[in-house]
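Source: prediction; values computed, not measured.
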Amino acid sequence: FLLFHFPRERYSVNWVNTPLTVDDLPVFLDDKGWQSEDSLVILNTRESALRTFLAAVERKLPAYLLSRWLTAADRTKTMQTLQVMEEKKQQRCLVSTQVVEAGVDLDFALAFRDLAPFDSIIQAAGRCNRHAGHEGLREVWVAELANEQGRALSSFVYDKTLLNQTRTLLSGSQVIPERDVPGKVSEYYRLLEQAVAQDEIWPDICSGRW
């Protein structure tokens with residue numbers, strides 16, 4: 001995808017070193033301000049999205065849910081409602097799976113993304129202070145959610161090579177301001193290229209190491 005420099009920085013990507021459980025996440029978001037800010041929470045599984053949505057409802061947030069558990073018509077209706085609320089400057093909290101990532105023109109003051117390949121994280125960040133209408137540098141938080149058995153939810157969805165290189169990149173930076181994103185994207189693809197070269201399966205097949 002095409003990257004360019006916005007006239008001013010809109011957000012920073014912030015890595016949380018400590019894994020979180022799904023039950024930890026609402027408390028974490030309480031601390032980050034989702035009860036008073038327009039908030040976007042993108043998760044990797046439908047169950048984690050539903051549980052986080054219900055936690056938002058318990059807190060009496062103006063919460064909406066998007067996932068493939070909803071029909072296409074219901075997802076479209078929810079998007080239209082959110083767009084109208086944005087135009088009226090009404091607070092919104094959207095909890096979603098990856099269905100929200102592509103082609104969605106919504107703007108939030110705070111965003112959270114469960115660990116995903118770095119390009120997906122940047123797509124999510126693009127919904128944070130999208131139109132630079134929120135005052136100050138807004139925050140995009142990235143953490144790794146795990147289930148009760150300690151397995152990362154991202155591992156159910158994404159290739160481990162993509163996730164490993166994303167962890168390496170985020171752990172090395174901790175905080176990535178928007179101005180550094182193009183360079184970090186290039187670094188991410190360099191890391192991927194090196195990882196794929198190291199893990200290349202064809203030489204093993206040719207040498208009989210099945």
Closest approach of Leu145 to Thr21 (non-hydrogen atoms, all atoms of both residues) = CD2-O, 4.0 Å
Checking Arg10 side chain against Ala132 main chain: does a donor-acceptor pair fall under 3.5 Å?
-> no
Applying salt bridge (charged side-chain N to carboxylate O under 4.0 Å, His left out), name anything that partners Arg92, two or more places apart in sequence or on another chain.
-> Asp38, Glu86
Would a 4.5 Å heavy-atom cut-off, applied to side chains only, mark Thr166 and Val142 as touching?
-> no
Please identify each residue that fulfils side chain to side chain contact (heavy atoms under 4.5 Å, CB included) with Lys88, with sequence neighbours left out.
-> Val84, Gln90
Residue list, ring pair (Phe, Tyr, Trp, His ring centres under 6.0 Å) with Tyr188, at least two apart or on another chain | Phe118
How would you list, by chain and number, every residue that makes a side chain to side chain donor-acceptor pair (under 3.5 Å) with Arg167, sequence neighbours excluded?
-> Glu144, Asn164
Partners meeting side chain to side chain donor-acceptor pair (under 3.5 Å) with Ser155 (sequence neighbours left out) | Arg151
Only counting residues at least two apart or in another chain, list the ones meeting side chain to side chain contact (heavy atoms under 4.5 Å, CB included) with Thr18.
-> none
Side-chain heavy-atom pair Leu25, Leu43 within 4.5 angstrom cut-off = yes
Close side-chain approach of Glu37 and Arg138, heavy atoms under 4.5 Å = yes
Can you give me every donor-acceptor pair (side chain of residues 26-34, partner residue at least two apart or in another chain, under 3.5 Å) with its distance?
{"unit_1": "Asp30", "atom_1": "OD1", "unit_2": "Trp34", "atom_2": "NE1", "d": "2.8"}
{"unit_1": "Asp30", "atom_1": "OD1", "unit_2": "Gln35", "atom_2": "NE2", "d": "2.9"}
{"unit_1": "Asp30", "atom_1": "OD1", "unit_2": "Arg59", "atom_2": "NE", "d": "2.8"}
{"unit_1": "Asp30", "atom_1": "OD2", "unit_2": "Arg59", "atom_2": "NE", "d": "3.1"}
{"unit_1": "Asp30", "atom_1": "OD2", "unit_2": "Arg59", "atom_2": "NH2", "d": "3.0"}

Qualifying residues under side chain to side chain contact (heavy atoms under 4.5 Å, CB included), relative to Val22, sequence neighbours excluded | Ser48, Arg51, Thr52, Leu153
Donor-acceptor contact below 3.5 Å, side chain Glu9 vs main chain Arg179 = yes
Would you please name every residue forming a side chain to side chain donor-acceptor pair (under 3.5 Å) with Ser36, sequence neighbours left out?
-> none
Does Gln174 have any side chain to side chain donor-acceptor pair (under 3.5 Å) partners at least two apart in sequence or in another chain, and if so, which?
-> Asn17
Sidechain-backbone polar pair: Asn129 side chain, His134 backbone, donor-acceptor under 3.5 Å | yes
Taken in chain and number order and not counting sequence neighbours, the residues that satisfy side chain to side chain contact (heavy atoms under 4.5 Å, CB included) with Arg46 are Ser67, Arg68, Trp69, Thr97
Sequence neighbours excluded, the answer for salt bridge (charged side-chain N to carboxylate O under 4.0 Å, His left out) partners of Glu187 is Lys184
